[in-house]
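To find a chain, count down the sequence lines: A is the first, B the second, and so on, and within it residues start at 1.
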Protein chains: 2
Amino acid sequence: MLGEFEYLLITAAAGLADKAYGAAIREEIETTTGRKCSIGALYTTIDRLETKGLLKTWMGDATPQRGGRSKRMVRVTPKGVQAAKAFYDAVIRVSRGASWAANRTGSVS
Amino acid sequence: MLGEFEYLLITAAAGLADKAYGAAIREEIETTTGRKCSIGALYTTIDRLETKGLLKTWMGDATPQRGGRSKRMVRVTPKGVQAAKAFYDAVIRVSRGASWAANRTGSVS
DNA sequence: ATGATTAGATTTACATTGTGATACTAATGG
DNA sequence: CCATTAGTATCACAATGTAAATCTAATCAT
């Protein structure tokens, strides 16, 4: 099963689509969660997810800005999407009936 | 932030209410998730959550059955409920827009 | 009453995941 | 040609997740 931060990372990367690369993903995570995302957390997790085949990464070209360095681009693989879905479904299913979860019927309006 | 298994455990315990004790929680987790819950995972996590103040436990009396041993009863503290809610909300918020998440508006039917 | 059986809890050791701190790399601007 | 800067890489450690084996005491059958 995915860890919680792994899920966050995959979700952020998926949302950024072809604009997904290390620093941008970090930015995204920080804005959507409101909490700090350390550099270490980011790249070690990217590495691990790539090893597991849930992400694919490659070096893109540099930002044409002062200091712009070659970016590590990220793409979520089908297997990654599947794992994310499994995580999400598990949380929803388990939470059914919990007082803190919106009392959903399972059907969507 | 809570880990994923910690969330599972709190949710199961909350659902069982005053019938929540080690073995029952384990049973609950296995049926709602469909995956094995090892003994070690269970009690070490209970210990950790208690240390963090998210659970309170005490020894109850034995089941009046052959081998019935004193049960370790579990109650989720207000702080525990709060942590679970935070975890749940974080997952929902972050997943907004993800292809694998049901496209919910935030309102509930 | 005594040993086998059994529900349940505990412990230990290790694997996986999460995180801060620090260092590296190369392009740009002056 | 060096200071600055966007971005990546690495390291060491903390927190979480898990399997396997063991302990405990109440009941049952004899």
Side-chain angles (χ1 to χ4, degrees), chain A residues 1-10 12-13 16 19-30 33 35-55 57-74 83-84 87 90 94, chain B residues 1-10 12-13 16 19-30 33 35-55 57-74 83-84 87 90 94:
Chain A
M1 175 76 72
L2 284 183
E4 181 254 341
F5 184 71
E6 294 179 318
Y7 178 73
L8 232 75
L9 202 159
I10 290 183
L16 288 168
K19 290 179 190 60
Y21 66 97
I25 292 174
R26 184 180 179 210
E27 187 68 26
E28 177 76 4
I29 289 178
E30 297 198 338
T33 66
R35 66 185 222 231
K36 269 286 172 201
C37 167
S38 78
I39 300 287
L42 186 72
Y43 290 104
T44 49
T45 303
I46 287 180
D47 286 346
R48 288 168 187 162
L49 289 175
E50 184 163 28
T51 299
K52 291 201 260 177
L54 307 187
L55 291 183
T57 75
W58 67 96
M59 297 312 284
D61 33 38
T63 325
Q65 282 174 38
R66 180 187 247 217
R69 185 180 170 184
S70 185
K71 297 167 176 170
R72 181 159 176 192
M73 308 304 293
V74 173
F87 180 93
V94 164
Chain B
M1 176 77 72
L2 285 182
E4 180 254 341
F5 185 70
E6 293 178 319
Y7 178 73
L8 233 74
L9 202 160
I10 290 183
L16 289 167
K19 291 180 189 61
Y21 66 97
I25 292 174
R26 183 179 179 213
E27 186 69 25
E28 178 75 4
I29 289 178
E30 297 198 339
T33 66
R35 64 185 223 230
K36 268 286 171 201
C37 168
S38 79
I39 301 286
L42 186 73
Y43 291 103
T44 50
T45 302
I46 286 180
D47 287 346
R48 287 168 188 163
L49 289 176
E50 184 163 29
T51 300
K52 290 200 262 178
L54 307 186
L55 291 183
T57 76
W58 66 96
M59 296 313 284
D61 32 40
T63 324
Q65 282 175 38
R66 177 186 251 214
R69 186 180 171 181
S70 186
K71 295 166 177 172
R72 181 157 176 194
M73 307 304 293
V74 173
F87 180 93
V94 165

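Residue K52(B) has a polar side-chain atom (N or O) positioned under 4.0 Å from OP1 or OP2 of dT16(D). For dT10(C), neither phosphate oxygen OP1 nor OP2 lies less than 4.0 angstrom from any side-chain nitrogen or oxygen of Y43(B). Between S38(B) and dT18(D) there is no side-chain polar atom (N or O) within less than 4.0 angstrom of OP1 or OP2.
Atom CD of E27(A) is separated from atom C1' of dT8(D) by 16 Å (rounded to the nearest Å). Rounded to whole angstrom, the span from the CD atom of E4(B) across to the P atom of dT16(C) amounts to 16 Å. To the nearest angstrom, P of dT8(D) lies 13 Å from CD of Q65(A). Note: OH (Y21(A)) to P (dA6(D)) measures 10 Å, nearest angstrom. At whole-Å resolution of the value, CD in E6(A) and C1' in dT16(C) are 9 Å apart. Atom pair D47(A):CG and dT10(D):P shows a separation of 8 Å (rounding to whole Å applied). Nucleotide dA15(D) holds its C1' atom 20 Å from the OH atom of Y7(B), rounded to whole Å. Here the P atom of nucleotide dA19(D) and the CD1 atom of I39(B) are 10 Å apart, to the nearest Å.
Residues M73(A) and M59(A) form no side-chain contact, since every pair of their non-hydrogen atoms from C-beta on lies 4.5 Å or further apart.
Residue contacts shown for G40(B) include a base, since a base heavy atom lies under 4.0 Å away. Residue contacts shown for S70(A) are limited to sugar-phosphate atoms, with no base heavy atom under 4.0 Å away.
Distance alone, capped at 3.5 Å, places no donor-acceptor pair between the S70(B) side chain and the A62(B) backbone. Under a 3.5 Å cut-off, the side chain of E30(A) and the backbone N or O of C37(A) do form a donor-acceptor pair. Between the side chain of E50(B) and the main chain of T57(B), a donor-acceptor pair closer than 3.5 Å is present.
Residue-to-nucleotide proximity on DNA chain D shows that, of R48(A) and M1(A), the 5′-proximal contact is made by R48(A). Nearer to the 5' terminus of DNA chain C, by closest-nucleotide assignment, is the contact made by A23(B) (compared with the other of T44(B) and A23(B)).
With dT8(D), dT18(D), dT19(C) as the choices, the nucleotide that has an atom nearest any side-chain atom of A41(A) turns out to be dT19(C).
Taking a 6.0 Å sphere around NZ of K52(B), one finds it holds more than 12 heavy atoms contributed by other residues, nucleotides or ligands.
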